[in-house]
Amino acid sequence: MNTKTIHIKSFGCQMNKLDSSLVTAALAERGFLLTGKATEADAVLINTCSVREHAEDRVLSHLGHLRHLKKTRPQLVVAVIGCMAQRMGEKLLAHEAVDVVAGPGQLHEVPELIDNALADHQKRMHVLDNIRQPAASETIRDISERLDAFELAYDSDANHIKSQAFIRAMRGCNNFCTYCIVPYVRGPEVSRAPQAIIEQAGKLVGQGIRQITLLGQTINAYRYTAGDRTYTLADLLEQVSAIDGVRWVRFITSHPGQFDTSILQVMADLPKVCPYLHIPAQSGSDRVLKAMNRGYFAARYVDLIDQARATVPDLAVAGDFIVGFPGETNADFEATEAMIRRVRYKNCFVFKYSPRPGTHADKRLADDVPAEVKQARNARLLEVISEIAETDNRAFLGKTLEVLVEGPSKKPHLNKAENQDNPQLIGRTSSDYIVVFNGPETLAGKFANVRITKTAALTLFGELT
Ligand code: SAH
Ligand code: SF4
Ligand code: F3S
């Protein structure tokens, strides 16, 4: 019996966090125990992200801490897994602190790699050599199912009761947006069999899960052919919402190019499918969209959102934008601002363009927007987004909304509510609005109705009804 302890930390997106919980489950099956403290662990795993330079810098600085820790605990094993492991391979292995390097396609091998490293303290690396080769799709389909088959370990992020879970619907990406590293580190698009997804959803519901979020880099590209039938995201949403015990189903992230409107119809028709679309536009300028290889025009994107709002009642729309893409002029930037004002997002993430080695934009286009201009554009968009959300959220005042309660709020006393006997809880509506209210902790993981008494740009406040 293994009595070693592991500590795992995620630095990336939802997909990265899902990988962390599955790797944790695989390690637990091998007898490893989980600890919340790196200083108590026999092995520390860091699951990494390459999407922007900043994400990689955070990992490198964390590795600096671990190198320090290893001075006092030379037996400690450090494993770097995930996207950055795939991108940097040997370079990471050469780092003084690192014993094991494993890419996103090799995660099922992590328990064995860790076991071996604990035994002999030799350096080991497993990453896919030709991740974009057609043969890699087959390998990825094969091996990744082994990882996805593990029972989900509890959400490593959250200290609240688990009532919501992520399920991978597809891996990889074939879009090759010119700025993006994901296709190079996650490999080609591979959709999972609907049956595997439905079975997993059924098991999770048996464990008390009520909300399921289907994950994919371009989830609306989900396609799985079995015999003479091809299943799409719309089919998958229907099948998941047909499961007894599932209350809410979500899906992220949608790509605006080739967004099949049957998805909108399913959202409108099936009450369990949440009226929430995360559908990044990235830019409002056609010139920039073309240089990004996004495959749509700004006007087409806006039409799609109009159609979505007309089809799905109370739809909330969220997005991502990149500022300072190579060659972005003031006029381009203004087009982005105009798009944001036109679409009126619930919320948006804004990123400063960060050149990623090996991508088309990095090889062919000069990173010519000065850092201070990127910073100013970033701040401006955040201001506009927040102003819109603040105005639009006022419409919720006095309304009663159903929320899935996540647990105690991490930032207590955002508002001084009267009922101080109960802690401040945080919940989310089906359209992903965050609601803060006072209530008993026993509500965590349950649904509750909250009457909204105060609103802000990012949060609604209210009272239990
Ligand atoms: N697959 C998703 C998101 C992938 S990465 C999609 O296509 O929408 C998440 C976000 O990071 C992207 O939407 C984009 O806004 C941002 N991003 C990706 N590469 C970036 C880069 N090189 N610099 C800055 N932001 C980037
Ligand atoms: Fe990256 Fe574009 Fe794929 Fe999203 S769709 S992961 S931005 S290449
Ligand atoms: Fe996610 Fe970052 Fe990889 S965004 S897919 S962890 S590069």
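In listed order, ligands and their atoms are each counted from 1. What you see below is based on every heavy atom in this structure, not just the backbone, and it leaves out hydrogens, waters and symmetry mates.
- Using a 4.0 Å cut-off between heavy atoms, Y179 contacts ligand 2 through its side chain alone, with no backbone atom that close.
- Counting heavy atoms from C-beta on, the side chains of M15 and V182 never come closer than 4.5 Å.
- For K374 and Y353, the positive end is not near the middle of the six-membered ring at less than 6.0 Å and at most 45° from its axis.
- What sits closest to atom 11 (O) of ligand 1 on the protein, heavy atoms only, is R52 NH1, 3.0 Å.
- Every atom of ligand 2 is numbered from 1 in the order shown, and the set under 4.0 Å from a heavy atom of N175 is 3 (Fe), 5 (S).
- The proximity of R186 to ligand 3, defined as any non-hydrogen pair under 4.0 Å, is limited to the side chain.
- Note: Y224 and Y231 fail the aromatic proximity criterion, with ring centroids not under 6.0 Å apart.
- Note on H255: not counted as a metal contact of atom 3 (Fe) of ligand 2, no N/O/S atom lying under 2.8 Å.
- Atom NZ of K123 has more than 12 neighbouring heavy atoms from other residues, nucleotides or ligands inside a 6.0 Å radius.
- In this structure, atom 8 (S) of ligand 2 lies nearest to the protein heavy atom C177 N, 3.4 Å.
- Less than 4.0 angstrom separates some heavy atom of D320 from each of these atoms of ligand 1: 9 (C), 10 (C), 12 (C), 13 (O), 15 (O).
- Look at G82 and you'll find every heavy atom at least 4.0 Å from all atoms of ligand 3.
- Contact analysis puts K352 in contact with ligand 1, with a non-hydrogen atom separation below 4.0 angstrom.
- Aromatic rings of F351 and Y179 (six-membered ring for Trp) have centroids beyond the 6.0 Å cut-off, not under it.
- Salt bridge absent: E112 and R124 never bring a charged side-chain N and a carboxylate O closer than 4.0 Å.
- If you number the atoms of ligand 1 from 1 as listed, the ones under 4.0 Å from a heavy atom of P280 come out as 8 (O).
- Contacts with ligand 2 closer than 4.0 Å are made by no heavy atom of P280, backbone or side chain.
- Evaluated by nearest non-hydrogen atom to atom 22 (N) of ligand 1, the leading choice among S254, S354, C49 is S354.
- A side-chain N or O of N175 and one of H255 form a donor-acceptor pair less than 3.5 Å apart.
- Here the side chains of Q239 and P194 are in contact, with some heavy-atom distance below 4.5 Å.
- Short contacts between ligand 2 and Q217, defined as distances under 4.0 Å to a heavy atom of the residue, involve ligand atoms 6 (S).
- The environment of CD in Q207 is crowded: more than 12 heavy-atom neighbours from other residues, nucleotides or ligands sit within 6.0 Å.
- Residue F176 has at least one heavy-atom neighbour below 4.0 Å for each of these atoms of ligand 2: 8 (S).
- Heavy atoms of R294 approach ligand 2 to within less than 4.0 angstrom.
- For atom 7 (S) of ligand 3, the nearest protein heavy atom (residue, atom name, distance) is S50 N, 3.3 Å.
- For ligand 1, the atoms lying closer than 4.0 Å to a non-hydrogen atom of T253 are 8 (O).
- Between R356 and ligand 1, no pair of N/O atoms sits closer than 3.5 Å.
- Residue contacts with ligand 2, taken as heavy atom pairs separated by less than 4.0 Å, involve C173 solely via side-chain atoms from C-beta onward.
- Annotation: side chain of L63 is not in contact with side chain of R67 (no heavy-atom distance under 4.5 Å).
- Atoms of ligand 1 lying under 4.0 Å from at least one heavy atom of Y353, given by number and element, are 23 (N), 24 (C).
- Nearest protein neighbour of atom 1 (Fe) of ligand 2, counting heavy atoms only, is C180 SG, 2.3 Å.
- Inclusion of Q217 in the set of residues having an N or O under 3.5 Å from an N or O of ligand 1 is warranted.
- Using a 4.0 Å cut-off between heavy atoms, Q217 contacts ligand 3 through its side chain alone, with no backbone atom that close.
- Atoms of ligand 2 found under 4.0 Å from any heavy atom of P183 (numbered from 1 in listed order, with element): 8 (S).
- At a cut-off of 2.8 Å, C49 does not coordinate atom 1 (Fe) of ligand 3 through any N, O or S atom.
- Within ligand 1, the atoms closer than 4.0 Å to a non-hydrogen atom of Q282 are 12 (C), 13 (O), 14 (C), 15 (O), numbered from 1 in the order shown.
- Other residues, nucleotides and ligands contribute only 12 or fewer heavy atoms inside 6.0 Å of the CG atom of D314.
- The shortest heavy-atom distance from V182 to ligand 1 is not under 4.0 Å.
- Those atoms of ligand 2 with a heavy atom of T218 less than 4.0 angstrom away are 5 (S).
- Atom 5 (S) of ligand 1 has as its closest protein heavy atom V51 CG2, 3.8 Å.
- In the displayed structure, L60 atom CG is contacted under 6.0 Å by more than 12 heavy atoms of other residues, nucleotides or ligands.
- Protein heavy atom at the shortest distance from atom 1 (Fe) of ligand 3 is C13 SG, 2.3 Å.
- Of all protein heavy atoms, the one lying nearest to atom 19 (N) of ligand 1 is Y179 CD1, 3.3 Å.
- Closest heavy-atom contact between L237 and V249: CD2-CG1, 3.8 Å.
- When hydrogens are left out, the protein atom nearest atom 3 (Fe) of ligand 3 is C83 SG, 2.2 Å; that is the closest non-hydrogen contact.
- More than 12 heavy atoms of other residues, nucleotides or ligands shown are found within 6.0 angstrom of CD on E390.
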